[in-house]
Amino acid sequence: MYYWNRDNFEGLLQIAQQLEADKHLNPLGAYCRFRELGLWRDAFQALERYLEETRSFDSSTARLATTQILEINARAHGVHHFLAQPLVKRFLLPTWKRGCGKMQTRVNPCDGSVFSIATENCLRAPYRCARTTFLYERY
């Protein structure tokens with residue numbers, strides 16, 4: 001698989017090593033390892049296990065995990081298979097919305113997508129237009 005998308009697969013391997021060092025993110029590291037190997041079914045089963053585990057997180061643990069995931073994604077410039085739709089839709093966005101209090105809708109100047117900005121009690125994740133480090137929803 002490395003022949004056409006080398007940065008993505010090598011980046012997934014590096015992300016897996018970072019995630020496996022944290023006990024709350026360890027199952028997500030298995031997802032990255034399986035994606036790096038091209039084993040989609042196993043990868044999404046590992047992701048499903050992680051999403052099931054996140055249901056038991058308290059709010060501070062969930063916010064910390066969300067922030068760590070977004071920071072790792074911001075540093076992984078060549079990786080585009082890390083933030084899978086189930087992870088974003090079922091964990092990151094709900095945690096972001098619960099942790100941020102009031103939300104204001106804004107338009108991203110980079111691509112015209114609509115996203116929400118917290119007005120209080122935010123997760124303090126970095127915002128950059130070049131990468132998808134902020135969470136947004138297209139309407």
Side-chain angles (χ1 to χ4, degrees):
M1 293 201 131
Y2 280 75
Y3 67 93
W4 64 276
N5 205 356
R6 184 180 188 126
D7 291 340
N8 180 60
F9 293 113
E10 289 177 348
L12 282 170
L13 191 56
Q14 292 172 354
I15 289 173
Q17 292 167 350
Q18 291 175 345
L19 294 173
E20 289 167 348
D22 187 321
K23 70 176 186 171
H24 296 296
L25 301 174
N26 195 350
L28 197 55
Y31 161 77
C32 291
R33 285 200 184 275
F34 287 130
R35 283 301 296 255
E36 187 265 335
L37 294 171
L39 303 172
W40 288 43
R41 181 171 287 150
D42 295 332
F44 282 99
Q45 286 174 352
L47 181 59
E48 189 63 36
R49 283 191 301 273
Y50 179 71
L51 291 172
E52 289 295 323
E53 186 178 305
T54 61
R55 290 182 181 178
S56 66
F57 288 176
D58 62 2
S59 62
S60 63
T61 303
R63 283 195 308 270
L64 178 63
T66 300
T67 303
Q68 289 173 326
I69 290 168
L70 292 174
E71 287 175 352
I72 288 170
N73 183 61
R75 291 186 195 114
H77 296 288
V79 179
H80 54 271
H81 286 149
F82 176 53
L83 290 183
Q85 191 269 345
L87 178 64
V88 172
K89 202 73 161 165
R90 292 173 42 199
F91 178 61
L92 297 178
L93 278 175
T95 302
W96 180 264
K97 288 178 180 178
R98 275 193 310 272
C100 289
K102 296 181 181 179
M103 304 294 283
Q104 293 181 355
T105 303
R106 296 281 191 254
V107 176
N108 179 0
C110 295
D111 63 4
S113 60
V114 177
F115 66 98
S116 298
I117 295 179
T119 56
E120 59 187 54
N121 194 22
C122 191
L123 292 172
R124 298 186 197 107
Y127 296 95
R128 289 194 318 203
C129 291
R131 294 278 301 152
T132 313
T133 56
F134 53 85
L135 296 174
Y136 66 93
E137 296 178 89
R138 292 183 183 271
Y139 294 97

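What's counted below: heavy atoms across the whole structure, side chains too, no hydrogens, waters or symmetry copies. The shown structure was predicted, so the numbers you read here are calculated from the model rather than taken from an experiment.
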Inset, instruction - Give a yes or no on whether the backbone of H81 and the side-chain of N8 come within a donor-acceptor separation of less than 3.5 Å. - result: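 Confirmed, N8 side chain pairs with H81 backbone.
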Inset, instruction - May I have all residue pairs that pass salt bridge (Lys or Arg N to Asp or Glu O under 4.0 Å) and include part of residues 24-34, sequence neighbours excluded? - result: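 Applying salt bridge (Lys or Arg N to Asp or Glu O under 4.0 Å) to every pair that reaches into residues 24-34, excluding sequence neighbours, yields E20-R33.
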Legend entry - side chain to side chain contact (heavy atoms under 4.5 Å, CB included) partners of D22, counting only residues at least two apart: H24, L25, Q68
Spacing of [X] atom [atom1] and [Y] atom [atom2] [to the nearest 0.5 Å]:
| X | Y | atom1 | atom2 | result |
| --- | --- | --- | --- | --- |
| E53 | K23 | CD | NZ | 10.0 Å |
| F44 | L39 | CZ | CG | 12.0 Å |
| K89 | Q85 | NZ | CD | 6.5 Å |
| L93 | R98 | CG | CZ | 11.0 Å |
| L51 | E48 | CG | CD | 5.5 Å |
| L12 | R35 | CG | CZ | 7.0 Å |

Can you name the closest pair of heavy atoms from [X] and [Y] and give their distance?
| X | Y | result |
| --- | --- | --- |
| L19 | C32 | CD1-SG, 3.8 Å |
| V79 | G11 | CG2-CA, 3.4 Å |
| A65 | F91 | CB-CZ, 4.0 Å |
| Y31 | F82 | CE2-O, 3.5 Å |
| F57 | T61 | CG-CG2, 3.9 Å |

Inset, instruction - Determine, step by step, whether L92 and L87 satisfy the side chain to side chain contact (heavy atoms under 4.5 Å, CB included) criterion, reporting the C-alpha distance in whole Å, the side-chain angles of both residues, the deciding distance to 0.1 Å, and the verdict. - result: CA-CA 6 Å; L92 297 178; L87 178 64; 4.2 Å; yes
Inset, instruction - Mind running side chain to side chain contact (heavy atoms under 4.5 Å, CB included) on E36 and Q14 for me, showing each step along the way? - result: CA-CA 10 Å; E36 187 265 335; Q14 292 172 354; over 6 Å; no
Inset, instruction - Could you walk me through whether T54 and Y50 pass the side chain to side chain contact (heavy atoms under 4.5 Å, CB included) test, one step at a time? - result: CA-CA 6 Å; T54 61; Y50 179 71; 3.5 Å; yes
Inset, instruction - Determine, step by step, whether L83 and I69 satisfy the side chain to side chain contact (heavy atoms under 4.5 Å, CB included) criterion, reporting the C-alpha distance in whole Å, the side-chain angles of both residues, the deciding distance to 0.1 Å, and the verdict. - result: CA-CA 9 Å; L83 290 183; I69 290 168; 3.7 Å; yes
